[in-house]
Amino acid sequence: MKLLLTYTGGTIGMIQSPDGDLSPFDFDEVIRQVPEIKQMDCEIDTIQAWDPLDSSDINHNHWIKLANILNDNRSSYDSFVILHGTDTMAYTASALSFILMNFSKPIILTGSQLPIGVLRSDGRENLITSIELAMTKREDNTPAIQEICVYFEYKLFRGNRVFKRSSQAFEAFSSPNYPILADVGVNIDIHEEYTLSPEKNYFFEPEMDSHIAVLKFFPGIDEAFLRNTILNSGRNAIILQTYGSGNVPKLDFLSDILDEARDKGVLIINTSQCPGGGVSQPAYAASRMLRHSGVLSAGDMTLEATITKTMWLLGRGKQGKVFEQLFLKNLVGERTI
Ligand code: ASP
């Protein structure tokens with residue numbers, strides 16, 4: 001078995017400088033801190049995607065670069081593990097799930113809350129178990145994991161279903177709307193019924209349009225702010241983060257602004273501020289207006305999946321009805337409603 005371990009940066013590879021700041025150190029040092037990986041029953045090659053970055057510096061161009069690394073090496077390796085900062089790991093995992101559609105081999109992103117050189121670091125276990133999960137086979141000898149995942153603190157998640165829930169807890173991620181793919185304890189328990197087994201052909205479409213905006217509703221939101229953001233910001237899509245199951249306040253000007261946006265070809269998407277549950281647009285009168293204005297429901301997608309799917313569809317030139325049809329469809333396990 002051959003595995004490609006890709007390093008992008010993040011806390012897992014940080015070291016404390018004399019002035020107390022955490023700064024990235026090189027990949028060889030990360031590997032030196034976990035000598036156990038040499039004993040694993042697979043050949044591991046390593047690659048550094050770029051000079052190590054805090055993941056807050058990662059953007060759509062990095063996703064494309066990373067996707068190119070994975071695509072170029074797809075036929076040479078059985079599985080892939082990516083070391084990544086936790087802050088934007090869920091965005092990268094979601095973006096890769098669209099760009100590398102039906103990749104059909106394990107791609108597991110992991111990182112840590114404490115640097116790997118620190119005694120209590122969670123990084124060693126996260127790294128070792130990610131490699132083990134990436135090597136695990138089904139009874140028919142195909143990979144147990146055939147999708148893009150995040151592994152963290154004894155749990156394997158679908159990559160486009162997680163979000164970072166805590167900046168302090170070792171249990172940093174949560175997947176409120178989709179079950180966990182594997183639980184790790186004394187045994188590694190893979191819940192095969194929840195994993196993907198792509199049947200369609202692999203396709204690689206590394207295109208992203210970042211000209212979008214996320215607009216979070218708050219009590220007291222006013223017309224000038226809504227008008228400027230939705231109509232005058234030159235964005236191709238606006239993701240509204242609304243209340244509860246997708247509700248907005250009864251503001252006379254809101255439906256005018258949304259109708260104007262639709263006429264200008266600006267896509268408007270409705271996602272909930274609640275991480276769990278998602279949007280069910282017609283449930284309340286407070287959200288019916290959105291449906292009438294052609295606003296698209298993000299269903300139970302995470303905000304990260306909503307953002308990256310929107311960027312990816314726009315990047316591939318999808319607009320109007322075609323965008324709508326693909327956005328509302330479950331493409332790679334990212335939505336169930
Ligand atoms: N700031 C770091 C990053 O996302 C945090 C981490 O890795 O946990 O790169």
Side-chain angles (χ1 to χ4, degrees), residues 5-34 37 46-67 69-70 80-97 107-131 133-134 148-175 184 208 210 214 275 302-305 307-308 311:
L5 180 59
T6 306
Y7 180 47
T8 70
T11 294
I12 193 158
M14 300 266 179
I15 194 164
Q16 205 135 29
S17 61
D19 55 11
D21 280 352
L22 286 177
S23 49
F25 64 4
D26 68 71
F27 202 6
D28 295 344
E29 192 52 42
V30 178
I31 300 301
R32 228 171 286 137
Q33 299 284 340
V34 198
I37 66 170
T46 56
I47 182 171
Q48 195 160 312
W50 44 71
D51 284 345
L53 286 177
D54 186 292
S55 75
S56 8
D57 287 322
I58 287 180
N59 60 40
H60 56 292
N61 296 318
H62 297 96
W63 301 335
I64 291 172
K65 187 155 188 208
L66 193 51
I69 292 174
L70 296 158
F80 301 82
V81 171
I82 300 169
L83 298 181
H84 194 289
T86 58
D87 288 348
T88 66
M89 190 186 290
Y91 290 89
T92 300
S94 292
L96 293 178
S97 76
I107 299 178
I108 300 180
L109 287 97
T110 195
S112 66
Q113 292 282 57
L114 283 175
I116 209 149
V118 169
L119 207 55
R120 287 195 309 112
S121 176
D122 47 336
R124 303 162 70 80
E125 194 283 322
N126 285 345
L127 173 55
I128 291 168
T129 307
S130 294
I131 294 174
L133 281 161
I148 287 119
C149 297
V150 165
Y151 177 74
F152 223 86
E153 191 65 5
Y154 307 113
K155 289 185 174 68
L156 183 72
F157 304 95
R158 174 162 301 158
N160 56 30
R161 290 294 196 149
V162 279
F163 76 102
K164 184 172 177 183
R165 60 166 277 275
S166 172
S167 58
Q168 299 291 318
F170 283 143
E171 222 176 291
F173 289 90
S174 169
S175 166
V184 175
M208 285 270 162
S210 62
V214 179
T302 58
L303 178 63
E304 290 81 348
I307 289 173
T308 54
M311 286 187 179

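Order of appearance sets the numbers: ligands from 1, and atoms from 1 within every ligand.
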Problem set entry | Distance-only side-chain donor-acceptor flag, Ser94 / Asn160, under 3.5 Å | no
Problem set entry | Backbone or side-chain N or O of His84 under 3.5 Å from ligand 1 N or O | no
Exercise. Less than 3.5 Å between some nitrogen or oxygen of Ser112 and one of ligand 1, yes or no?
Worked result: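 Min N/O separation from ligand 1 is below 3.5 Å for Ser112.
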For [atom], grab the closest protein heavy atom and report residue, atom and distance to one decimal in Å.
{"atom": "atom 8 (O) of ligand 1", "result": "Thr86 OG1, 2.4 Å"}
{"atom": "atom 5 (C) of ligand 1", "result": "Thr11 OG1, 3.2 Å"}
{"atom": "atom 4 (O) of ligand 1", "result": "Ser55 OG, 2.5 Å"}

For this session: For residues Ile307 and Tyr91, report the shortest heavy-atom separation together with the two atoms involved.
Result: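 Of all heavy-atom pairs spanning Ile307 and Tyr91, the closest is CD1-CE2, 3.9 Å.
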Exercise. Do you know the tightest heavy-atom contact between Ser210 and His60?
Worked result: OG-CE1, 3.4 Å
For this session: Output the list of atoms in ligand 1 that are nearer than 4.0 Å to some heavy atom of Gly10, sorted by atom number.
Result: 7 (O), 9 (O)
Problem set entry | side chain to side chain contact (heavy atoms under 4.5 Å, CB included) evaluation trace for Trp63 with Thr308 | CA-CA 10 Å; Trp63 301 335; Thr308 54; 3.7 Å; yes
Problem set entry | Donor-acceptor under 3.5 Å (Thr88 side chain, Ser55 main chain) | yes
Exercise. Under the salt bridge (charged side-chain N to carboxylate O under 4.0 Å, His left out) rule, what pairs show up with a residue in residues 117-128, not counting sequence neighbours?
Worked result: Glu36-Arg124
Exercise. Side chain or backbone of Ala172 under 4.0 Å from ligand 1, or both, or neither, by non-hydrogen atoms?
Worked result: neither
